[in-house]
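Just so we're on the same page: letters track the sequence lines, and every chain starts at 1.
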There are 2 protein chains.
Amino acid sequence: MANEHESAKPHRITISTVAAALGVAVSTVSNAYNRPDQLSAELRERVLAVAAELGYPGPNPVARSLRQQRAGAVGVLFAERLPYAFRDPAALMVLEGIASTLEQAKLGLLLVPGRDDDTTTVQQALVDGFIVYSMMDTDPLVEAALKRRLPTVLLDQPPRPDVPSIIVDDEAGARMATEHLLSLGHRHFAIITDRLIETHVRPSHAPINVQTHSEATFFVTQLRLQGYRQPLEQAGIAWSDVPIYDCNDNNEADGAAAIQILLARTPRPTAILCLTDRLALGAITGAQQAGYNVPEQLSIVGFDDIPQATRITPALTTIRQDHRQKGLSAGQALIELLAGQSPTSYQRLAVELVVRDSTAAI
Amino acid sequence: MANEHESAKPHRITISTVAAALGVAVSTVSNAYNRPDQLSAELRERVLAVAAELGYPGPNPVARSLRQQRAGAVGVLFAERLPYAFRDPAALMVLEGIASTLEQAKLGLLLVPGRDDDTTTVQQALVDGFIVYSMMDTDPLVEAALKRRLPTVLLDQPPRPDVPSIIVDDEAGARMATEHLLSLGHRHFAIITDRLIETHVRPSHAPINVQTHSEATFFVTQLRLQGYRQPLEQAGIAWSDVPIYDCNDNNEADGAAAIQILLARTPRPTAILCLTDRLALGAITGAQQAGYNVPEQLSIVGFDDIPQATRITPALTTIRQDHRQKGLSAGQALIELLAGQSPTSYQRLAVELVVRDSTAAI
DNA sequence: CGTTTTTTCTGTAACGTTTCAGAAGTATAG
DNA sequence: CTATACTTCTGAAACGTTACAGAAAAAACG
């Protein structure tokens, strides 16, 4: 019965509700939360007590963000469909690296959803900057992110002027893989890739021919294909003679399906270059199920060196890249950008050939 | 030389910069972005053109959020250290489920970092609600999240009044695992758990005794231990005779280390109950390395049924739970909450015993 | 006791939008 | 030609903070 003269009950309790209840200025309440040294300990106690009593949830973060011009979070643009982010082992290591640096800087990590036909989520993301990772080169979401004019770092994307980029030397890696197989005496190659052409325009599941390659819409895919191509041609193998099978998705099942088709061709390939380890793992099991011995009859090399590469039998020969470091570098670059520094605008990370048991001389 | 009379250059371009440049009201510019039907197409074109020319990045999302009272994102509180989120296969499936529902609702997923000695990240997270998942029962971050008074869903947490909870029937699952082993004739049990006691208070790596169990600070840990205990005691096995080894972390290496210690005890256990599949996988390889045959000499059962459980030899007997569904349910519940509906406040998901090859009669 | 310094508290102007009632102008109906 | 209804645009009031300059009170100084 004490406070029933409060006829107009403000459903939303704000800093001024608390201030009014105490008969004190709003700035004092604000200070109680943010600048304890600006008011007496006694009053601060009182403010906090009344706030708790009224159920005041503390200063509204959005209002604070508006005032302070910072959101305390970084947006990560990755993959067309958000849930896939959690399936790809290589991507996860990258995300882990990003998360590590952001955590140290006390920044949140906002996974931004968004189909390419609706960029509003990107436009409205409450973030201080973006990391763009492994998006299709032409994805409108990337444009939308850049249009925000926030500090942004590109990772595994085609570099742009004025935007720091971190890329991996995918082309060199692909070259190493190819040269390794060539040095083992292989002459009949095939390639398994994924999402080289957008799914809805891909006519069939037959290996595609060389002309269509130019449609490659993922930067790293282009780099890797380029890296395969050069040593092959140098060895006198026509690029147009190399069948390329384009999977719908980067996973083991698609890799296993691909290898079946490729092994049915004449001449039968003896060396398979896979754009990712997941495809390679699928190719190994697919080949084994079809009765082929790896590596005796068929050499397979992957790309990424994910943890599972060592667990399969035969262990996968592949190109190692430091996924975690990729994430760390991207996060670090963005944090420097946010601090007003200008990071080295272009970082290229090295790769390394790891020879295991899935490749052998012919 | 056209616009050099603009002496005061506003470094920050806002909606009113654009409005001033056009000699038009700010609300008109706002409408150009948000309510195309509220102004003539011709003027809208002009607004957008001038905006582009000035480099206006579009309406500031934070200001918009303040006005509209929504952030368009959901905070996920998970694990003490953010990067670990990307390592645990079970957790990833849960996150995938959460991400799926949020994506459909066009909501971002904010991973909130935060050590328990600093809750500011939680207090300042720009979100419309929280999902709290697998946090230590006493973690101050959970308190901080609840204090925000936003719609919140608890997942694998001790239920609280007024907060919708989604839990898994961990206790029943643990009972099933135990009964399975008992029915195979086992009498000498041991348990491998993780983080039963906070790392810094744990005295040594010896198996801990029964009294300390009450300190269990993870809700699901408590449930599972309880589920192990009951059928054992019912079978006349004293709980205090069951050694429990507490690992530092939920991973294979710790599981492998644990099994070494446990196998050295007298009487040597013939049945190992592992709180998670990762620990169980480690226990299997650890036991094999120590020269024991699984399941002939040692039966091991896990919990979670992660994908890797089928890939190991022998394939792991375990308790299956639908991780993805957990995430979906949590996301769905939160979305309903955000829409002002009240979801069923308490959901309990079922589990299932999956018998594979890591358990056998004694 | 008058000055200066320090402590404690206040008022107000941003921060950049959206919303909404309504003004002004233009088309439609009777 | 007047009354009515649209269209198109405007102005001002929120949204909930924080920063900053300064007022008032208290403490320290000479």
B:D156 side chain to B:Y133 backbone, donor-acceptor under 3.5 Å
no
Any donor-acceptor pair under 3.5 Å between the side chain of A:R67 and the base of D:dT17?
no
Any side-chain heavy atom of A:L328 within less than 4.5 Å of one from A:S100?
yes
Is a side-chain donor-acceptor pair under 3.5 Å present for A:T119 with A:Q123?
yes
Can you check the B:R70 CZ to D:dG16 C1' distance for me, whole Å?
18 Å
Going by heavy atoms closer than 4.0 Å, what residues in residues 27-42 of chain B are next to DNA chain C?
B:S27, B:S30, B:N34, B:R35
Verify, without hydrogens or angle tests, whether B:D128 (side chain) and B:V74 (backbone) share a donor-acceptor contact under 3.5 angstrom.
no
note: B:Q123, atom CD; D:dG16, atom C1'; distance rounded to Å ~ 16 Å
B:E103 side chain to A:G114 backbone, donor-acceptor under 3.5 Å
no
Give a yes or no on whether B:D162 atom CG has more than 12 heavy-atom contacts from other residues, nucleotides or ligands under 6.0 Å away.
no
Closest of D:dG11, D:dA13, D:dG16 to the B:A25 side chain is D:dG11
Decide, yes or no, whether a salt bridge links A:K147 with A:E143 under the criterion of side-chain N to carboxylate O below 4.0 Å.
no
Whole-Å distance between D:dT17 C1' and B:L126 CG?
12 Å
Between B:V24 and B:Q69, which is nearer to the 5' end of DNA chain D once each is assigned its nearest nucleotide?
B:V24
Heavy atoms of chain B, cut-off under 4.0 Å: which first and last nucleotide of DNA chain C, 5' to 3', fall inside that, if you could look?
C:dG16 to C:dT19
For A:Q68 and D:dC20, give me the distance from atom CD to atom C1', rounded to whole Å.
14 Å
For residues A:Y56 and A:T17, determine if any side-chain heavy atom of one lies less than 4.5 Å from a side-chain heavy atom of the other.
no
